[in-house]
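None of the values given here were measured: they were computed from a predicted structure.
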Number of protein chains: 2
Amino acid sequence: MQENDIKNAENGTDERPLTRIQKRNREAILDAALEVFSAQGFRGATLDQIAAQAGLSKPNLLYYFPSKEAIHTALLSGLMDIWLAPLHAMNPDGDPRDEIMTYMRRKLEMSREMPRESRLFANEILQGAPRMIEGIEGDLKTLVDTKAAVIQHWVDAGRLAPVDPYHLIFSIWALTQHYADFDVQVRAVLGPGHDPFAEAGNFLEMLFGRLLAP
Amino acid sequence: MQENDIKNAENGTDERPLTRIQKRNREAILDAALEVFSAQGFRGATLDQIAAQAGLSKPNLLYYFPSKEAIHTALLSGLMDIWLAPLHAMNPDGDPRDEIMTYMRRKLEMSREMPRESRLFANEILQGAPRMIEGIEGDLKTLVDTKAAVIQHWVDAGRLAPVDPYHLIFSIWALTQHYADFDVQVRAVLGPGHDPFAEAGNFLEMLFGRLLAP
DNA sequence: ATTTTGTTTGACCGACCGGTCAGGTTTTAT
DNA sequence: ATAAAACCTGACCGGTCGGTCAAACAAAAT
């Protein structure tokens with residue numbers, strides 16, 4: 001007989017620890033799926049494309065994930081936390097302008113270093129967020145509500161120019177993610193010899209600097 | 001015998017004038033295609049969806065347009081002019097701040113009244129603009145270059161706060177289109193009882209007012 | 001009234017889609 | 001060494017994809 005009831009101490013579900021091969025292939029699949037989903041959207045992407053990108057056969061993909069849907073869900077849920085981290089890090093006890101400027105800088109940095117993730121989210125929301133609306137109405141709204149209240153307190157205390165906290169946050173999202181999501185357009189318009197993200201950094205420093213000045 | 005060589009005076013191609021039925025059905029198809037393409041992207045959309053939305057049979061679609069690709073192209077080329085119109089209307093002889101604020105207001109108005117068109121463009125650019133890169137590198141870049149030069153002259157003449165003209169235009173695009181493209185997210189975060197576009201109007205008036213103040 | 005032209009559709013095609021499965025191969029545990 | 005477990009694949013399945021076509025139908029011109 002065989003000891004079979006392995007319990008994972010972290011979550012109580014019965015999961016065996018991942019083998020080297022499982023770890024390597026799951027990562028390869030998720031990376032390939034990020035590449036393809038972010039460039040094609042969910043419906044536009046195919047398992048064959050993802051398999052080819054990952055260097056695996058299609059049946060082998062489905063050995064590690066039960067369905068196309070499951071791969072997509074795994075990507076989105078894994079990314080939600082990463083995406084919210086910079087906003088989560090905004091400190092109510094810090095200096096108002098510093099905190100908001102730091103948040104903006106971190107979001108721009110994420111756009112530069114994780115453009116595929118940004119485009120994955122953009123694709124999903126553009127298409128009505130059918131597989132993400134729960135997380136948006138839940139975790140995301142809760143976090144934004146919390147941080148918007150913090151900003152509102154700063155405004156009420158006269159420590160910040162009077163701005164609508166929600167639309168301030170939206171403006172940071174819009175401006176920073178634009179450089180990842182519309183990268184092709186930005187580069188085509190600017191032409192060669194430009195560093196869009198570096199220029200955006202300077203521009204956004206000035207824009208938000210002026211917006212938040214008392 | 002029949003007089004058959006009808007020449008269109010406008011472009012020299014031999015096109016008969018459109019029938020009432022042709023006009024009606026072409027419009028129905030393009031409207032349905034806008035609905036579906038903007039919500040699903042090119043690859044994600046199907047001819048059956050478009051046909052159903054238009055109230056026509058699939059073969060009948062292909063009686064009016066030779067292919068899925070042709071419908072998409074017709075939509076994009078028809079929309080490019082509409083999309084560029086507000087920027088085109090920016091008057092070099094007008095008051096700098098008025099001209100830029102008016103441009104921002106028109107873009108926000110377009111986001112409110114033509115969200116499907118905005119999402120169609122967003123989908124295309126997100127996915128690398130494979131069917132639009134020509135127009136972006138051509139007409140769009142040319143127009144932006146021209147207007148950026150105008151803005152730069154305003155800055156050089158001290159009539160406007162010193163801003164990078166290209167990124168000023170990008171910021172207007174990002175902020176106004178965000179409310180159309182990410183409508184689902186914006187509404188989910190704000191919750192019920194909000195008019196996102198009205199609030200955005202107020203917020204952007206203040207934001208660009210402060211940015212452009214001398 | 002009839003012929004010509006324009007419009008519409010059901011049936012169908014090959015290609016591709018997500019997903020399955022039996023069986024082979026490699027790795028790991030004993 | 002060998003048995004068990006984990007890993008991988010070619011062949012295949014039913015459904016959907018974009019697109020075709022012959023034939024029926026409707027509108028307009030004569």
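No engagement by Phe65(B) is indicated, since no non-hydrogen atom pair under 4.0 Å with the nucleic acid exists.
In this structure, Arg105(A) is not positioned above the aromatic face of Phe208(A) in the sense of NZ or CZ being under 6.0 Å from the six-membered ring centre and within 45° of the axis.
Of the possible polar contacts, none joining the Asp181(B) side chain to the Leu126(A) backbone as a donor-acceptor pair under 3.5 Å is found. A distance-only check finds a donor-acceptor pair linking the side chain of Lys147(A) to the backbone of Met90(A) [under 3.5 Å].
End-to-end axis angle of the helix from dA1(C)-dT30(D) to dT30(C)-dA1(D), from C1' rotation axes over five pairs per end: 10° (rounded to 10 degrees).
Under 3.5 Å, the side chains of His167(A) and Tyr179(B) contain a donor-acceptor pair of N or O atoms. Judged purely by distance below 3.5 Å, without hydrogens or angles, the side chains of Asn25(A) and Tyr63(A) never pair a donor atom with an acceptor atom.
In this view, Arg187(B) and Asp183(B) satisfy the salt bridge (Lys or Arg N to Asp or Glu O under 4.0 Å) rule, not counting sequence neighbours. Applying the salt bridge (Lys or Arg N to Asp or Glu O under 4.0 Å) rule to Glu35(B) yields the partners Arg116(B); only residues at least two apart in sequence or on another chain are considered. Under the rule for a ring pair (Phe, Tyr, Trp, His ring centres under 6.0 Å), the partners of Phe42(A) that lie at least two apart in sequence or sit in another chain are Phe37(A), His72(A).
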Checklist entry - For nucleotides 22-28 of chain C, read 5' to 3', which letter fits each nucleotide if B means a protein heavy atom sits under 4.0 Å from the base, S means only the sugar-phosphate is that close, and - means neither? => result ------S

Which atoms of nucleotides 17-20 of chain D (N or O only) lie under 3.5 Å from a protein N or O atom, and what are those distances?
unit_1	atom_1	unit_2	atom_2	d
dG18(D)	OP1	Ala45(B)	O	3.2
dG18(D)	OP1	Leu47(B)	N	3.4
dG18(D)	OP1	Lys68(B)	NZ	3.0
dG18(D)	OP2	Leu47(B)	N	2.9
dG18(D)	N7	Lys58(B)	NZ	3.0
dG19(D)	OP2	Lys68(B)	N	2.7
dG19(D)	O6	Lys58(B)	NZ	3.4

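For the OP1/OP2 pair of dC7(D) and a distance below 4.0 Å, the side-chain nitrogens and oxygens of Tyr63(A) include at least one atom meeting the criterion.
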